[in-house]
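Below you'll find the structure, written out as structure tokens, and then a few comments.
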Amino acid sequence: MARTINKVELLGRVGTEPEMSYTPGGTAVTKLRMATDRYRKDAENGTDWHNLVVWGATAEAVNQYVAKGQRIYVAGRLVQNSWEGDDGQRRHRTEVHASEVVFLDSSNGNGNGGSHNGEEDSPF
């Protein structure tokens with residue numbers, strides 16, 4: 001069997017305030033959205049939006065130190081989810097499950113970004 005890779009790296013701005021909750025097992029999970037710019041030489045520029053999911057201690061750090069508008073770097077993997085909505089329609093959502101988050105803008109006042117590796121925290 002050939003090796004496969006599912007890896008995503010993003011550098012952009014946080015588009016929503018992080019929202020943290022806990023799984024029934026007590027693991028922290030933080031969800032937020034991130035914007036990345038798309039520059040084109042001969043066309044209109046645009047913005048891509050990404051749904052981020054962060055687990056464990058990294059989720060707690062993101063919830064505490066990251067705010068809307070800040071720049072972050074995220075490394076992780078793509079996860080495809082689908083479900084049936086209340087209206088009976090099939091819904092799909094693509095998420096980036098982060099294994100590493102680097103804070104490029106500091107909210108703790110010391111001017112230094114921080115790095116959090118959450119691979120060991122992910123339940124996946």
Side chain to side chain contact (heavy atoms under 4.5 Å, CB included) against [X], all qualifying residues, sequence neighbours excluded:
| X | value |
| --- | --- |
| Glu44 | none |
| Asp86 | none |
| Thr16 | Leu32, Arg33 |

Inset, instruction - Could you identify which residues cluster with Met20, counting Ile, Leu, Val, Met, Phe, Trp and Tyr as linked when any side-chain heavy atoms lie under 4.5 Å apart, either directly or through a chain of such contacts? - result: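 Its cluster partners, ordered by chain and number, are Tyr22.
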
Legend entry - Arg40: partners by salt bridge (Lys or Arg N to Asp or Glu O under 4.0 Å), with sequence neighbours left out: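 Salt bridge (Lys or Arg N to Asp or Glu O under 4.0 Å) list for Arg40, sorted by chain: empty.
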
Inset, instruction - Check salt bridge (Lys or Arg N to Asp or Glu O under 4.0 Å) between Asp37 and all other residues, then give those that pass, not counting sequence neighbours. - result: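 Not a single residue meets the salt bridge (Lys or Arg N to Asp or Glu O under 4.0 Å) criterion with Asp37.
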
Partner residues of [X] under the side chain to side chain donor-acceptor pair (under 3.5 Å) criterion, sequence neighbours left out:
| X | result |
| --- | --- |
| Arg71 | none |
| Thr94 | Gln80 |
| Thr36 | His50 |
| Arg93 | Asn51, Glu95 |

Which atom names give the shortest non-hydrogen contact between [X] and [Y], and what distance separates them?
| X | Y | value |
| --- | --- | --- |
| Ser82 | His92 | CB-ND1, 3.4 Å |
| Ala59 | Ala28 | CB-O, 3.7 Å |
| Lys68 | Gly15 | CE-O, 3.4 Å |
| Val66 | Gln70 | CA-OE1, 3.0 Å |

N/O donor-acceptor pairs under 3.5 Å from side chains in residues 4-14, not counting sequence neighbours:
residue : atom : partner : partner atom : Å
Asn6    : OD1  : Leu78   : N            : 2.8
Asn6    : ND2  : Leu78   : O            : 2.8
Glu9    : OE2  : Tyr73   : OH           : 2.5
Arg13   : NH1  : Gly69   : O            : 2.7

Legend entry - From CA spacing to verdict: side-chain contact (heavy atoms from CB on, under 4.5 Å), His97, Trp55: CA-CA 8 Å; His97 285 222; Trp55 300 93; 3.3 Å; yes

Legend entry - Close side-chain approach of Ile72 and Leu104, heavy atoms under 4.5 Å: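 No, every pair of side-chain atoms sits at 4.5 Å or beyond.
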
Legend entry - Nearest-0.5 Å distance, CD of residue Glu17 to OG1 of residue Thr30: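 The OG1 atom of Thr30 is 12.0 Å from CD of Glu17, to the nearest 0.5 Å.
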
Inset, instruction - Please check if the side chain of Thr27 supplies one atom and the backbone of Gly56 the other of a donor-acceptor pair under 3.5 Å. - result: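 Not at all, since once roles are kept as given, no pair shorter than 3.5 Å links the two residues.
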
